[in-house]
Amino acid sequence: MDRPEIFENELRIDTDYSPENIHEYILSFKDFIEEKDISVALKKMNRIRILCAVREGLQGVYALNQKIEKILAKECSADFDPSSEFYHNRPIMITRNDYLLELSNGDVGITRHIQENGHTGAYAFFEGDTAGCVKRVPTALLPDHETVFAMTIHKSQGSEFDQVVVVLPDNNPYGLLSRELFYTAITRAKSKVLVQSSESSLKDCFEKSVRRSSGIMERLSNLEKLNY
């Protein structure tokens, strides 16, 4: 049975958690790692994101960030070595507001090592308020933050990426999976979405009702009928 065109973006569903399927998306991060211009690198980094429903476990944010770091360490040049906290080309997300540094919870940046006047310093770079403007902050001054190759679906609300990988847990801890969560995740992408999930977790998403309208229920009901 052919899959109906439910969403404008390309949607693929992988119920086997295939390493090969997610690998091609992970390699897309090389674009920002190999980009020398930091303002361009910041834009390239935000073209793709891995979105998780949970933080813990094999399909959680922490495990996936570590997995991605290991893959990129093998695939990239010497510009990527995640053996230290503020390694060169580490993508980070601020998790606590710092009004003195004008950094807000949810701000995303890249740490890089810059050589100036014979000394090398570690800095975090963020997009500024005006086009092409970049804000530089010494890593020693950063407020609470975390690595952000992968992030939670909750944290992604309001963001938009070219490509998204949605990774759902192979069970439904605390009954958190719902159509709302699923819809929020896949609509973060402008073009391509890969969903990795067990069939039981997808079923839980479809069976838990949503309260909003605008055709969401009908769209997800159609998706439920697909052959995986």
Side-chain angles (χ1 to χ4, degrees), residues 22 25-52 54-56 60-165 167 188:
I22 196 172
Y25 287 85
I26 292 173
L27 293 183
S28 297
F29 287 117
K30 292 176 64 177
D31 288 345
F32 91 81
I33 292 171
E34 297 172 352
E35 174 59 56
K36 301 303 182 183
D37 187 321
I38 186 60
S39 64
V40 177
L42 286 165
K43 290 180 172 57
K44 288 185 174 181
M45 180 187 66
N46 285 320
R47 290 177 180 171
I48 179 170
R49 197 62 45 85
I50 314 294
L51 303 181
C52 305
V54 296
R55 289 185 172 274
E56 307 288 348
V61 169
Y62 302 132
L64 280 168
N65 273 320
Q66 291 178 356
K67 177 181 179 179
I68 293 166
E69 287 175 335
K70 289 179 181 179
I71 291 173
L72 292 175
K74 293 179 180 179
E75 297 286 349
C76 295
S77 63
D79 284 338
F80 192 84
D81 178 8
S83 59
S84 60
E85 180 181 6
F86 295 113
Y87 58 82
H88 194 58
N89 285 310
R90 178 191 175 198
I92 62 169
M93 180 172 63
I94 300 300
T95 58
R96 178 176 58 83
N97 294 334
D98 189 312
Y99 300 108
L100 290 177
L101 293 175
E102 297 183 335
L103 292 174
S104 301
N105 183 10
D107 285 351
V108 173
I110 301 172
T111 63
R112 285 193 168 180
H113 301 167
I114 304 299
Q115 188 170 28
E116 294 177 324
N117 302 319
H119 300 281
T120 300
Y123 299 90
F125 295 86
F126 303 86
E127 289 192 69
D129 296 330
T130 57
C133 179
V134 174
K135 180 189 302 183
R136 184 172 84 167
V137 178
T139 55
L141 299 180
L142 286 173
D144 296 344
H145 58 276
E146 59 190 21
T147 303
V148 73
F149 289 111
M151 65 190 297
T152 63
I153 297 170
H154 173 73
K155 282 282 190 179
S156 75
Q157 293 187 69
S159 300
E160 191 175 54
F161 313 98
D162 290 341
Q163 303 178 54
V164 161
V165 179
V167 183
R188 297 311 92 200

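Residues: numbered from 1 along the sequence shown. What you see is a predicted model, and the numbers here were worked out from it, not measured in a lab. Just so it is clear, the values below take in all heavy atoms, side chains as well, and ignore hydrogens, waters and symmetry mates.
Between the OG1 atom of Thr120 and the NE2 atom of His88 there is a distance of 10.5 Å, given to the nearest 0.5 Å. Note that OG of Ser156 and CD1 of Ile50 are 12.0 Å apart. Values are rounded to the nearest 0.5 Å. We find the CG-CD1 distance between Leu142 and Ile94 to be 5.0 Å, quoted to the nearest 0.5 Å. To the nearest 0.5 Å, atoms CZ (Arg47) and CG (Asp162) are separated by 6.5 Å. Separation of atoms CG (Asp37) and CG (Leu42) is listed at 9.0 Å; rounding is to 0.5 Å. To the nearest 0.5 Å, atoms CD1 (Ile92) and CZ (Phe149) are separated by 11.5 Å.
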Determine, stepwise, if the pair Leu64 / Val167 fulfils side chain to side chain contact (heavy atoms under 4.5 Å, CB included).
-> CA-CA 9 Å; Leu64 280 168; Val167 183; 3.9 Å; yes
Candidate pair Val165 and Gln163, rule side chain to side chain contact (heavy atoms under 4.5 Å, CB included), full reasoning | CA-CA 7 Å; Val165 179; Gln163 303 178 54; over 6 Å; no
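Between the Asn65 side chain and the Ala150 main chain, a donor and an acceptor come within less than 3.5 Å of each other. Listed for the Thr111 side chain is no donor-acceptor partner under 3.5 Å among the backbone atoms of Ala124. The closest donor-acceptor contact from the side chain of His145 to the backbone of Met93 lies at 3.5 Å or more, if one exists at all. Between the Thr152 side chain and the Lys155 main chain, a donor and an acceptor come within less than 3.5 Å of each other.
Residues Met45 and Pro91 share a closest heavy-atom pair of SD-CB, 3.4 Å. The two residues Ala122 and His113 have their closest heavy-atom pair at CB-CD2, 3.8 Å. Phe161 and Asn46 make their closest contact through CD2-O, 3.1 Å (heavy atoms, listed as atom of the first residue, atom of the second, distance). Scanning both residues, Ile48 and Tyr25, for their nearest heavy atoms gives CD1-O, 3.1 Å. Listed here is the closest heavy atom pair of Asn105 and Asn97: N-OD1, 2.7 Å. Shortest non-hydrogen contact noted between Glu102 and Asp107 is O-OD2, 4.3 Å.
Using a 4.0 Å cut-off between charged nitrogen and carboxylate oxygen, Glu127 and Lys43 count as a salt-bridge pair. A salt bridge links Arg55 to Glu146: one of the charged nitrogens lies within less than 4.0 Å of a carboxylate oxygen.
Proximity of Leu72 to Lys74: side-chain heavy atoms (C-beta onward) are nowhere separated by under 4.5 Å. Side-chain contact between Asp79 and Glu34: absent, with no pair of heavy atoms (C-beta onward) separated by less than 4.5 Å. You'll find the side chain of Ile110 reaches within 4.5 Å of the side chain of Phe32, heavy atoms only. Contact of the Phe126 side chain with the Leu103 side chain is registered, since non-hydrogen atoms from C-beta on lie closer than 4.5 Å.
Cation-pi contact between Arg136 and Tyr123: present, with separation from the ring centre below 6.0 Å and deviation from the ring axis of at most 45°.
For Tyr87 and Glu69, the side-chain atoms include at least one donor-acceptor pair closer than 3.5 Å. Side-chain atoms of Asn89 and Arg112 include a donor-acceptor pair closer than 3.5 Å. Thr147 and Arg90 share a donor-acceptor pair across their side chains, judged by distance under 3.5 Å alone.
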